[in-house]
4 protein chains.
Amino acid sequence: MNRKLMFASDYQEGACPAILRRLEDTNQISFPGYGKDEICTHAKDLIRKACNCPDAEVEFLTGGTQTNATVIDALLCSYQGVLAAESGHVNVHEAGAIEFGGHKVLPLSGTNGKLTAAQIEQYLTDFHNDGNWDHMVMPGMVYISQPTEFGTLYSLEELTEIHRVCRQFRIPLYVDGARLAYALASPDNDISLSDLARLCDVFYIGGTKCGALFGEAVVIPDSSLIPHFFTIIKQHGALLAKGWLLGIQFDELFRDDLYLHIGEPAIRYASRIKKALAENHYQLFMDSPTNQIFFVIDNDKMSVLSEKISFGFGEKYDEHHCVIRFATSWSTREDDVNDLCDLLKSL
Amino acid sequence: MNRKLMFASDYQEGACPAILRRLEDTNQISFPGYGKDEICTHAKDLIRKACNCPDAEVEFLTGGTQTNATVIDALLCSYQGVLAAESGHVNVHEAGAIEFGGHKVLPLSGTNGKLTAAQIEQYLTDFHNDGNWDHMVMPGMVYISQPTEFGTLYSLEELTEIHRVCRQFRIPLYVDGARLAYALASPDNDISLSDLARLCDVFYIGGTKCGALFGEAVVIPDSSLIPHFFTIIKQHGALLAKGWLLGIQFDELFRDDLYLHIGEPAIRYASRIKKALAENHYQLFMDSPTNQIFFVIDNDKMSVLSEKISFGFGEKYDEHHCVIRFATSWSTREDDVNDLCDLLKSL
Amino acid sequence: MNRKLMFASDYQEGACPAILRRLEDTNQISFPGYGKDEICTHAKDLIRKACNCPDAEVEFLTGGTQTNATVIDALLCSYQGVLAAESGHVNVHEAGAIEFGGHKVLPLSGTNGKLTAAQIEQYLTDFHNDGNWDHMVMPGMVYISQPTEFGTLYSLEELTEIHRVCRQFRIPLYVDGARLAYALASPDNDISLSDLARLCDVFYIGGTKCGALFGEAVVIPDSSLIPHFFTIIKQHGALLAKGWLLGIQFDELFRDDLYLHIGEPAIRYASRIKKALAENHYQLFMDSPTNQIFFVIDNDKMSVLSEKISFGFGEKYDEHHCVIRFATSWSTREDDVNDLCDLLKSL
Amino acid sequence: MNRKLMFASDYQEGACPAILRRLEDTNQISFPGYGKDEICTHAKDLIRKACNCPDAEVEFLTGGTQTNATVIDALLCSYQGVLAAESGHVNVHEAGAIEFGGHKVLPLSGTNGKLTAAQIEQYLTDFHNDGNWDHMVMPGMVYISQPTEFGTLYSLEELTEIHRVCRQFRIPLYVDGARLAYALASPDNDISLSDLARLCDVFYIGGTKCGALFGEAVVIPDSSLIPHFFTIIKQHGALLAKGWLLGIQFDELFRDDLYLHIGEPAIRYASRIKKALAENHYQLFMDSPTNQIFFVIDNDKMSVLSEKISFGFGEKYDEHHCVIRFATSWSTREDDVNDLCDLLKSL
């Protein structure tokens, strides 16, 4: 075993073979630009069908931060902010893209990366009872991710409750699905694409981390929600000239329900790795049923490991331990998982 | 006692008599606009002298939120955020003015409204050690207020330490002095205007809450720090056409050191009220040596009180109690303080 | 004649006597902050009455650039721009305050500072016919000023036509009335406050240049047009803590229709100066019936003049001539006008 | 001839074969994200070599509007604007992306899409002589495109002059090279990549329209010019997770100088089409030596043409004529050019 085992993230390889093949097949065909081509139209129809929302607007963007910034900007009035977990991607890892658009991220302390309907309701109730509310940033929407940044999942019951609170306070609910395929492939998951379309005002179906070269599909079940979303995308520098490149990828990902299954090996391998961690007495940092595994490791062992494995960011746990992340993906190889498990045993 | 006692805030009355008189005296004189008049020049010189910083740039703005938004925007690069206490005015009560300018407020949990040098140092150290720092909002300055939003004070030692950390990490330190006169008038205070000029990169001397009709004087000890600050002020809609109106007010506030003493009655009265609260077994929410008094009160008593006294916002303390605020000011009347103390006894 | 004659602008002196007196009278009264006091309420009612729009929202801001930036931001969606004359204040002299809020000023070539309904209609028609319109900034409102930056006036017929075009394309019409008193006092004017309230979606009544120390009154005839305008004002740093100071000024300006007449001397004096210019063979740069006089002057004469008179900015007319501006105001003194006319004769 | 001839734009087909092949070859290799991979490093070195600027920072972004918005934001202070031709892409076709970042586009009337050094110098001189300059948007950089939006070219002499003026006024010069390959392939061009690196502060080498699926390479010859450009890219949602996809494309485009020649067929075909237009008595709208051809056509003929050819946007020329655009590209087929020429003859 000479080369490093790559478990640092779920966006380390290209695309699933069908996508590459389609790129080849269409390379010489002339398309109109900006997603106004027939492949995009077809891909959008497949997504509408998969989500059971025939009237949805579907738009393709290139990456996650871009999608979050564009959607949040489109949903909020200038004086509103977005409620999110403190650990939410929009609050931590987007270099201020939300604030660049003029909006405050209103952080709520999450549990395992998740918000509860109760805490959102409490925040909104307190806000409207505050005598100074009109001097404060008005909460204008809720942002959650499924799975979360820690790989955890909302249950259908939890999402339904959050949906109810958002309806009650008349603010939209937006779900970041950068890793949605890994939720859909997890046996612990009980939220379908149709549920998302029924319970969210906007959500996006992640491609970049789920088998595509790049690309995220924004779904707006009520297509009248965001007038001129196309122009908003352009204004954010998020409109791909050769839009059909995105159409091709989602057309392949939603052909024969590929997207519903593409995350399955990742989930299977993640389970095996978690089992190996348990057998070798590693403590999981939190229990997550998708493709990301956070666990506690002795600093010395981490040093040894880092020579053989590429893994995700480590934060300090205590003086002598760190938390690190392994991520599996649609392209993880069984051999690498075997090697990883062997290595954990031998440490 | 028919009318309500007004202890809701420190900006409920007009201006100290000298300012009104000066407005009369100058009313028919023709001045050039935008602060390019001789009174402004003179007032700025008085402030430079009082702060012992002869080369400072001094600019007059109209209000606190405006000043914070303009200064913070001027100090930060587009990709930077401002470190502030969670309870900081910029984080809570400016309706997103900082985010409107594109910047994230990076909140640190404060103690009694204050930050410590140690926690700032820790944050900055952790930031630069984080493997993902370049995906995050770079902390580009520190914002503190003296006195804080809870009326507490930084000591000279504490401010010196925060200054040291800012120097070490090469980020500017900005002090919001909306209520600075009340710090300067407090016997507990050991930070002078000269100290502020020596230890801060920018600070402002509050007028609105300290004897003026309106107005805040921004002091930039090193005048080369913010090129084209005048245009930045204009761009923020913060340039008063008749700038001499601000000049007049600060010229009066700094004539014969008035500003150093104008808060003294407020401090004296606040002490008396705190004493009355203690004698009547009220629990102070926190001990603050300036003109704001936060204390815990039974909900029923609060209802009774609210019929006779106008007081500041109450937050819930527990099921049966609230925290409310009394504020004294340069214009508080002794009779009203006496009545208030009697009332507290009689409840 | 030792001191300079001051005809540089219409914001060189304080306020009309009634305002100063009222400041005195109210100086020691305690008011709630942020315009939630009874004087503001009363002043707003006076304005509603004067404008014949009983349901209007009226809000007081401090200055013109601030007001334009706040209103335009409140009216536009994030992807929209504002149509304005190339010479419009928002396009030239606000240091990019509109762009700071994220909006493009879409400049149309004006005639004497004015736009025509026909050119607005043409622009909007062309925009919607352009195959690439969704890659462009959507025109979301029209900005005009009455009087314009050149002192010219829209007629009621012209304003009615612009109103009609705006209705047809469903975009709001906003009128900047920084110098509105001088329009209302001009015999050439046929647009009343009621007309403005009937034909505009938002307009503001200028105080700073029309007898107040500072202050502009924004009128929104349909009060449901801009939800949460108060918070938007706060977010823009445009909310004055001691809001009653603005209330007082507009309460005085609208007591006994003062505002309708306060500009009359300025108009009278401007006529005399124009007559003197004509008699002495100066060429008017454009004919304007309000308080600003733009005329062409030989460079050498301008040098002489500048020693005795303070006048407004000069732009180059040709190699040997400049255009300069005299402005009269509510506070112009007859003696100064006489001296000015003598001086023009003697040059 | 059943299908339409596609001459609407130069971004209608996929990528040159070498790029597709490389995507295949690298598809299963694991790379670190965000452009921190070896292929990006290699591609950047090739570009540095081709531009003869060994110390340049090179960054890859996805599209043109995104690149312009990100670079302009990075170069300007908050109170500055960008000088551009009225017809410049940033002024017309980016849906306000520049204003979204807070900056005004300061439009100058161009000639055939080009600015002259003289007019830039005049603007900058006038600006600094204007008595109100500090109330205006400060011109903070110059934006030009090579070739321009009309396909015209700056000469080396012209670019050198513009460079000189920018140096004199100490503002950066930025060149939008969305179609740079077509400049480099034109016999009329005398500006090399080295010249650009020597005369510009930032420029970008367009991939999307020049043989890549997507991608633009920003070159900053003095790498210290824009600190933290990586974070700025992230903040703008412009950081591609799988950065090596961009690296691969530029690595192929700069292998064996491919980029210098990839536009040659487009230029050859454009010449033939211009010749056919001349032979058939069409009037060129302007003479442009690259891959875009603007010409005047009778409205009726345009209708006929539009059934057989897809062409670029038409603007009205007069009552009976329009201006339309044909664009050739790296992927134009000789057969299609022949058919197009035949068609022009037969009309």
Side-chain angles (χ1 to χ4, degrees), chain B residues 3-6 8-9 11-17 19-20 23-24 26-34 61-70 73 93-97 99-102 208-209 212-214 230-242 244-245 310 331 333 336, chain C residues 3-6 8-9 11-17 19-20 23-24 26-34 61-70 73 93-97 99-102 208-209 212-214 230-242 244-245 310 331 333 336:
Chain B
R3 62 174 186 80
K4 258 192 178 179
L5 298 172
M6 302 291 276
S9 81
Y11 44 98
Q12 302 179 114
E13 290 92 27
C16 62
I19 285 176
L20 271 209
L23 280 177
E24 293 260 358
T26 55
N27 192 49
Q28 309 223 17
I29 303 175
S30 297
F31 295 101
Y34 306 115
L61 284 83
T62 304
T65 293
Q66 182 185 84
T67 301
N68 286 336
T70 306
D73 243 35
H93 284 116
E94 304 196 344
E99 290 80 9
F100 182 70
T208 300
K209 291 168 177 161
L213 289 172
F214 57 88
F230 181 91
T231 297
I232 297 172
I233 293 171
K234 176 76 183 176
Q235 181 193 31
H236 282 74
L239 187 65
L240 197 67
K242 301 185 181 178
W244 70 88
L245 298 174
S310 162
S331 67
R333 277 164 295 229
D336 287 359
Chain C
R3 62 173 187 80
K4 257 192 177 179
L5 297 172
M6 302 291 276
S9 82
Y11 44 98
Q12 302 179 114
E13 291 92 26
C16 62
I19 285 177
L20 271 208
L23 280 177
E24 292 260 357
T26 55
N27 192 49
Q28 309 222 18
I29 302 175
S30 297
F31 295 101
Y34 306 115
L61 282 83
T62 303
T65 294
Q66 182 185 83
T67 300
N68 286 336
T70 305
D73 243 35
H93 284 117
E94 303 196 344
E99 290 80 10
F100 182 71
T208 300
K209 291 167 177 163
L213 290 171
F214 57 88
F230 181 90
T231 296
I232 296 172
I233 293 171
K234 176 75 183 179
Q235 181 193 32
H236 281 74
L239 187 66
L240 197 66
K242 301 185 182 179
W244 70 88
L245 298 175
S310 161
S331 68
R333 276 163 296 226
D336 287 359

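Residue numbers begin at 1 in each chain, while the letters A, B, ... track the order of the sequences. Note that the structure is predicted; figures quoted are calculated from it, not measured.
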Select, from G102(C), G33(C), A69(C), A97(C), the one with the greatest count of heavy-atom pairs under 4.5 Å involving chain B.
A97(C)

Shortest non-hydrogen contact between E13(B) and Q28(C), atoms and distance
CG-O, 3.8 Å

Side chain, backbone, both or neither: which part of A241(B) has a non-hydrogen atom closer than 4.5 Å to chain C?
both

Report which part of S30(C) has an atom under 4.5 Å of a heavy atom belonging to chain B: side chain, backbone, both, or neither.
both

Less than 4.5 Å to any heavy atom of chain B: does that hold for the side chain of Y34(C), its backbone, both, or neither?
side chain

What part of T208(B) gets closer than 4.5 Å to chain C, counting heavy atoms only: side chain, backbone, both or neither?
both

CD1/I29(C) to CZ/R3(B) distance, rounded to the nearest 0.5 angstrom?
10.5 Å

For chain C, find which of S9(B), G101(B), A15(B) contributes the most heavy-atom pairs closer than 4.5 angstrom.
A15(B)

Results of ring pair (Phe, Tyr, Trp, His ring centres under 6.0 Å) for F100(C) - residues two or more places apart only:
F100(B), H236(B)

Is chain B contacted by the side chain of A8(C), its backbone, both, or neither, given a heavy-atom distance below 4.5 Å?
neither

Side chain, backbone, both or neither: which part of T231(B) has a heavy atom under 4.5 Å from chain C?
both

Without swapping roles, check the side chain of K242(B) against the backbone of K209(C) for a donor-acceptor pair under 3.5 Å.
no

Which value, rounded to the nearest 0.5 Å, describes the distance between E24(C) atom CD and L23(B) atom CG?
9.0 Å

Turns out that what part of L213(C) lies under 4.5 Å from chain B's heavy atoms comes down to both

Please name all residues satisfying salt bridge (Lys or Arg N to Asp or Glu O under 4.0 Å) with E99(C), sequence neighbours left out, ordered by chain then number.
K104(D)

Closest contact, heavy atoms only, K234(B) versus A95(C):
CG-CB, 3.5 Å

For N68(B), is it the side chain, the backbone, both or neither that has a heavy atom under 4.5 Å from a heavy atom of chain C?
neither

Please round to the nearest 0.5 Å and tell me the distance separating atom CG of L240(B) and atom CD of Q66(C).
9.0 Å

Distance from N27(B) atom CG to I19(C) atom CD1, nearest 0.5 Å?
9.5 Å

